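Only one structure is covered here, and it is reproduced in the block below.
All residue numbers refer to positions in the sequence shown, counting from 1. Numbering of ligands and ligand atoms starts at 1, following listing order. Values in this document were obtained by computation on a predicted structure and should not be read as measured data.
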Amino acid sequence: MSTAEGYPPRAAAQARTLAEMDALLVECRACPRLVRWREETAREKRAAFRDREYWGRPVPGFGPTDAPLLIAGLAPAAHGANRTGRMFTGDRAGDLLFATLYELGLASGARATGPDDGLELLGVRVTAPVHCAPPDNRPTPGERDTCRPWLTREAHLLRPTLRAVVTLGAFGWQAALAALGEAGWTVPRPRPTFGHGVRALLTPAEGPGDPLAVFGCYHVSQRNVFTGRLTQDMLRRVLAEAAHAAGLRVADPPRSG
Ligand code: SF4
């Protein structure tokens, strides 16, 4: 276990596979505020989950290690992924994301309740630029930067198959572009601005290779959904477009009426 700020770049760099990286990641204690919060939340629990054991540690990415499509959110939710130990699993934001991936044929089921629910993602991996639950869902820029080596390494290890990235929210967009720039792609200058439906094309920094399409999408947070800023149809369209860019086949959207 490491409390040192130097731990993420050192440990991430030595991981040769995503499994190795995840094993090192869950030992990380580099952000004191987030370590306190994730553990306090895990001790105190929400009443509805009082009898459950919380994970209370950094949450690794979830999905195949040869995924052509990566979805990067913000950070684990205190009573969602911080409880279940699996990204986007156990909260409303994840419910919408997985239900939409299922409709598109990119997940084996529509519900995600915990790591033993049997859910499989098909060609898609979900992750976050900050791997520990932050108070008020707000990591600081310093915490984002401290955690970046993990996302950089994840993108680097996915690189042979990765063709598209969807970032959920402006925070994820900025963090992902910085990490992808460090993982071997050239980010256009000036750096593209986040917007829902915006698409940026990154080219390999060295040698030939396929470009990487990066898509912006409003975050699947409850607030965005309640206020109508993000509808399921909006989410479905961005995910379908990104899946096409990644070379994945998607199912026809459900018919209304
Ligand atoms: Fe480590 Fe990232 Fe968690 Fe900070 S947020 S303690 S860098 S895993």
Side-chain angles (χ1 to χ4, degrees), residues 1-45 53-63 65 67 70-91 93-94 97 114-115 125-158 165 167-183 219-221:
M1 229 177 257
S2 178
T3 55
E5 264 197 41
Y7 177 73
R10 199 174 56 247
Q14 79 189 49
R16 287 161 303 168
T17 64
L18 282 167
E20 280 183 15
M21 193 196 96
D22 292 347
L24 294 162
L25 167 72
V26 299
E27 302 296 333
C28 187
R29 301 177 67 82
C31 304
R33 188 183 78 112
L34 300 190
V35 171
R36 265 198 315 278
W37 177 252
R38 76 190 194 201
E39 293 178 356
E40 195 180 300
T41 308
R43 266 194 313 276
E44 292 181 355
K45 305 180 182 179
E53 190 70 28
Y54 272 52
W55 172 248
R57 298 175 74 177
V59 181
F62 165 47
T65 55
L70 181 67
I71 300 173
L74 170 64
H79 302 282
N82 187 53
R83 172 173 60 85
T84 62
R86 198 176 70 187
M87 206 53 90
F88 278 108
T89 299
D91 61 46
L97 179 63
R125 186 171 169 93
V126 293
T127 192
V130 172
H131 285 274
C132 295
D136 298 324
N137 290 321
R138 284 202 190 141
T140 65
E143 289 159 351
R144 175 198 61 202
D145 293 346
T146 302
C147 205
R148 187 161 69 231
W150 298 117
L151 183 58
T152 299
R153 193 64 182 163
E154 188 169 18
H156 177 80
L157 291 168
L158 284 169
V165 177
T167 66
L168 300 175
F171 187 97
W173 173 266
Q174 283 151 11
L177 288 183
L180 293 168
E182 290 175 359
H219 195 279
V220 288
S221 68

- For L25, take its heavy atoms, then give the atoms of ligand 1 lying under 4.0 Å from any of them. 8 (S)

- Query: Judged by atom type as modelled, is there a donor-acceptor pair below 3.5 Å linking the side chain of R153 to the main-chain atoms of A15?
  - Reply: yes

- With a cut-off of 4.0 Å, which atoms of ligand 1 are near a heavy atom of L34? 5 (S)

- Message: Whether the side chain of Y7 engages the backbone of L24 through a donor-acceptor N/O pair (distance < 3.5 Å, no angle test) should be reported.
- Response: yes

- Message: Only heavy atoms of P58, strictly under 4.0 Å: list the atoms of ligand 1 that pass.
- Response: 8 (S)

- Message: Quick test: of every protein heavy atom, which one is nearest to atom 2 (Fe) of ligand 1, and how far off is it to 0.1 Å?
- Response: C147 SG, 2.3 Å

- Short N-O contact, R29 and E39, less than 4.0 angstrom: yes

- Rounding to 0.5 Å, atoms CD (E182) and CG (L151) come to a distance of 9.5 Å

- Pick from G142, C28, A75: the one approaching atom 1 (Fe) of ligand 1 most closely through a non-hydrogen atom: C28

- Query: Any N/O/S atom, backbone or side chain, of C132 lying under 2.8 Å from atom 2 (Fe) of ligand 1?
  - Reply: no

- Item | R38 side chain to C132 backbone, donor-acceptor under 3.5 Å | no

- What protein heavy atom is closest to atom 4 (Fe) of ligand 1, reported as residue, atom name and distance in Å? C31 SG, 2.3 Å

- Report yes or no: does T84 contribute a side-chain atom to a donor-acceptor pair with the main-chain N or O of T89 at less than 3.5 Å? yes

